[in-house]
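We count ligands from 1, going down the list as the structure has it; atoms in each ligand are counted the same way. Here the structure is a predicted model, which means the values were calculated and not measured.
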Amino acid sequence: MSDMLGGRLGVDAYRRYTEQLWFVYRALEAASPGLAGDPVAGPFIRPELARTAELERDLAHLGGPDWHSGLTPLPATAQYAARIEECARDWPAGYVAHHYTRYLGDLSGGQIIRGTAEKTWGFARKGDGVRFYVFEAIANPAAFKREYRELLDALPVDDLEKQRVVDECKRAFALNTAVFQALGREFPLSA
Ligand code: HEM
């Protein structure tokens, strides 16, 4: 990640990374309508978080109107998306772990990533290429994150289940790391 944002890699690496995010968010967001009424995951499903449309705009900017043709996930991305789908289907609290790990990260460090990407590859501020990082419908991210954490604290599950959710967050981090490692192999610095 730091190699990509440090300007040592080209915009093609950023595009490839953004493509991987599309698979991840499609898995997260395809599941949202079905989970909206779920007592555990439902309160977290908020339309202002949805990122698929923004990713598609960024990808059209980065790859042209045919950005989708021939697009396949890296094996690490496919594994990550499959785990999200599995949680969405069988374990709503596990889905919350994945939801938290991505969206709260995007609302936090994502803002740093956006600024760096704008500088590194010359995207318009908050414009095409970095729309994924721009939450137009969230006027106050700090307040949003606070409310989100309150929801997490109030998760209607027992302590053992909470521990399992924490473990699933760790798994979500590891799945993200595996995607970065795979991208690192595809874009070695010496190339
Ligand atoms: C260059 C990469 C990254 C940068 C610069 C970055 C930076 C940050 C920063 C500054 C925060 C705010 C910390 C705070 O509120 O005190 C944050 C929070 C967070 N980051 Fe990252 N991060 C990066 C990568 C990631 C990745 C890969 C993930 C996992 C997918 C992630 C997940 C999170 C989460 C879940 C939070 C929210 C914690 C919370 O407020 O509960 N970050 N990040």
Side-chain angles (χ1 to χ4, degrees), residues 1-11 13-29 31 41 43-46 48-52 54-55 58 73-74 76-88 93-121 123 125-126 129-130 132-135 138 140-155 157 162-187 189:
M1 188 72 179
S2 59
D3 288 337
M4 189 173 74
L5 291 168
R8 289 182 289 277
L9 289 171
V11 73
Y14 178 76
R15 173 183 164 187
R16 193 80 171 110
Y17 169 57
T18 307
E19 288 170 354
Q20 305 312 303
L21 289 178
W22 180 76
F23 288 103
V24 171
Y25 284 81
R26 216 178 41 149
L28 279 169
E29 291 169 12
F44 294 89
I45 311 278
R46 302 272 294 264
E48 57 269 51
L49 287 173
R51 299 288 87 199
T52 303
E54 282 74 8
L55 282 166
D58 288 339
L74 289 164
T77 307
Q79 264 180 29
Y80 183 9
R83 179 62 187 158
I84 294 171
E85 284 159 7
E86 190 178 28
C87 288
Y95 175 84
V96 171
H98 286 280
H99 192 277
Y100 162 77
T101 305
R102 280 305 333 177
Y103 293 109
L104 269 255
D106 300 331
L107 281 165
S108 308
Q111 301 314 300
I112 299 168
I113 296 170
R114 174 177 61 77
T116 313
E118 287 166 1
K119 265 188 252 137
T120 305
W121 297 296
F123 301 123
R125 186 169 179 274
K126 298 191 174 184
V130 291
F132 167 72
Y133 301 95
V134 182
F135 290 83
I138 300 181
N140 185 342
F144 189 95
K145 283 192 277 179
R146 209 165 35 241
E147 284 168 30
Y148 191 106
R149 286 193 210 102
E150 281 165 14
L151 276 180
L152 270 184
D153 290 341
L155 211 61
V157 298
K162 276 191 186 159
Q163 188 52 50
R164 289 178 67 218
V165 172
V166 171
D167 289 343
E168 189 65 25
C169 288
K170 289 183 189 156
R171 188 163 176 180
F173 274 95
L175 288 162
N176 275 280
T177 304
V179 173
F180 282 122
Q181 283 168 348
L183 284 166
R185 286 191 292 274
E186 195 171 306
F187 295 91
L189 277 176

So, are [X] and [Y] salt-bridged, with charged N and O less than 4.0 Å apart?
X      : Y      : answer
Glu150 : Arg146 : no
Arg114 : Glu118 : yes
Arg51  : Glu29  : no

Taking it one step at a time, do Thr77 and Trp22 satisfy side chain to side chain contact (heavy atoms under 4.5 Å, CB included)?
CA-CA 10 Å; Thr77 307; Trp22 180 76; over 6 Å; no
What verdict does the ring pair (Phe, Tyr, Trp, His ring centres under 6.0 Å) test give for Tyr17 and Phe132, after you've listed the backbone C-alpha separation in whole Å, the side-chain angles of each residue and the deciding distance to 0.1 Å?
CA-CA 12 Å; Tyr17 169 57; Phe132 167 72; 8.0 Å; no
Of all the atoms in ligand 1, which lie at a distance below 4.0 Å from a heavy atom belonging to [X]?
X      : answer
Arg102 : 30 (C)
Phe173 : 28 (C), 29 (C), 31 (C), 32 (C)
Ile112 : 10 (C)
Phe180 : 27 (C)

Under 4.0 angstrom from [atom], is there any protein heavy atom?
atom                    : result
atom 29 (C) of ligand 1 : yes
atom 17 (C) of ligand 1 : yes
atom 39 (C) of ligand 1 : yes
atom 24 (C) of ligand 1 : no
atom 42 (N) of ligand 1 : no
atom 20 (N) of ligand 1 : yes

Take Tyr148 and His99 through the test side chain to side chain donor-acceptor pair (under 3.5 Å) and record every step on the way to the result.
CA-CA 11 Å; Tyr148 191 106; His99 192 277; 2.6 Å; yes
For [atom], find the nearest protein heavy atom and state the residue, atom name and distance (0.1 Å precision).
atom                    : value
atom 4 (C) of ligand 1  : Gly109 CA, 4.2 Å
atom 1 (C) of ligand 1  : Met1 CG, 3.3 Å
atom 3 (C) of ligand 1  : Ile113 CD1, 4.2 Å
atom 35 (C) of ligand 1 : Thr101 O, 3.5 Å
atom 12 (C) of ligand 1 : Ser108 CB, 3.6 Å

Side-chain donor-acceptor contact under 3.5 Å, Tyr25 with Asp106:
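Note: Tyr25 and Asp106 side chains meet the donor-acceptor criterion.
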Ligand 1 to Arg149 polar contact by distance, N or O atoms, under 3.5 Å:
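For ligand 1, there is an N or O atom that lies under 3.5 Å from one belonging to Arg149.
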Euclidean distance, Gln111 CD relative to Thr116 OG1, rounded to 0.5 Å
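Rounded to the nearest 0.5 Å, the OG1-CD separation comes out at 11.0 Å.
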A quick test of your reading: do over 12 heavy atoms of other residues, nucleotides or ligands sit less than 6.0 Å from NZ of Lys119?
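Check fails, neighbour count at 12 or below.
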Proximity winner for atom 34 (C) of ligand 1, if only heavy atoms of Gly105, Ala174, Ala97 are counted
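Answer by nearest heavy atom: Gly105.
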Start with the C-alpha gap between Tyr95 and Phe44, add the side-chain angles, then the distance that decides, and say whether ring pair (Phe, Tyr, Trp, His ring centres under 6.0 Å) holds.
CA-CA 10 Å; Tyr95 175 84; Phe44 294 89; 9.1 Å; no
Report yes if the side chains of Leu74 and Tyr80 come closer than 4.5 Å at any heavy-atom pair, otherwise no.
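Side chain of Leu74 against side chain of Tyr80, heavy atoms only: no contact under 4.5 Å found.
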Hey, does Tyr100 sit under 4.0 Å from ligand 1 if you only count heavy atoms?
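Under 4.0 Å: yes for Tyr100.
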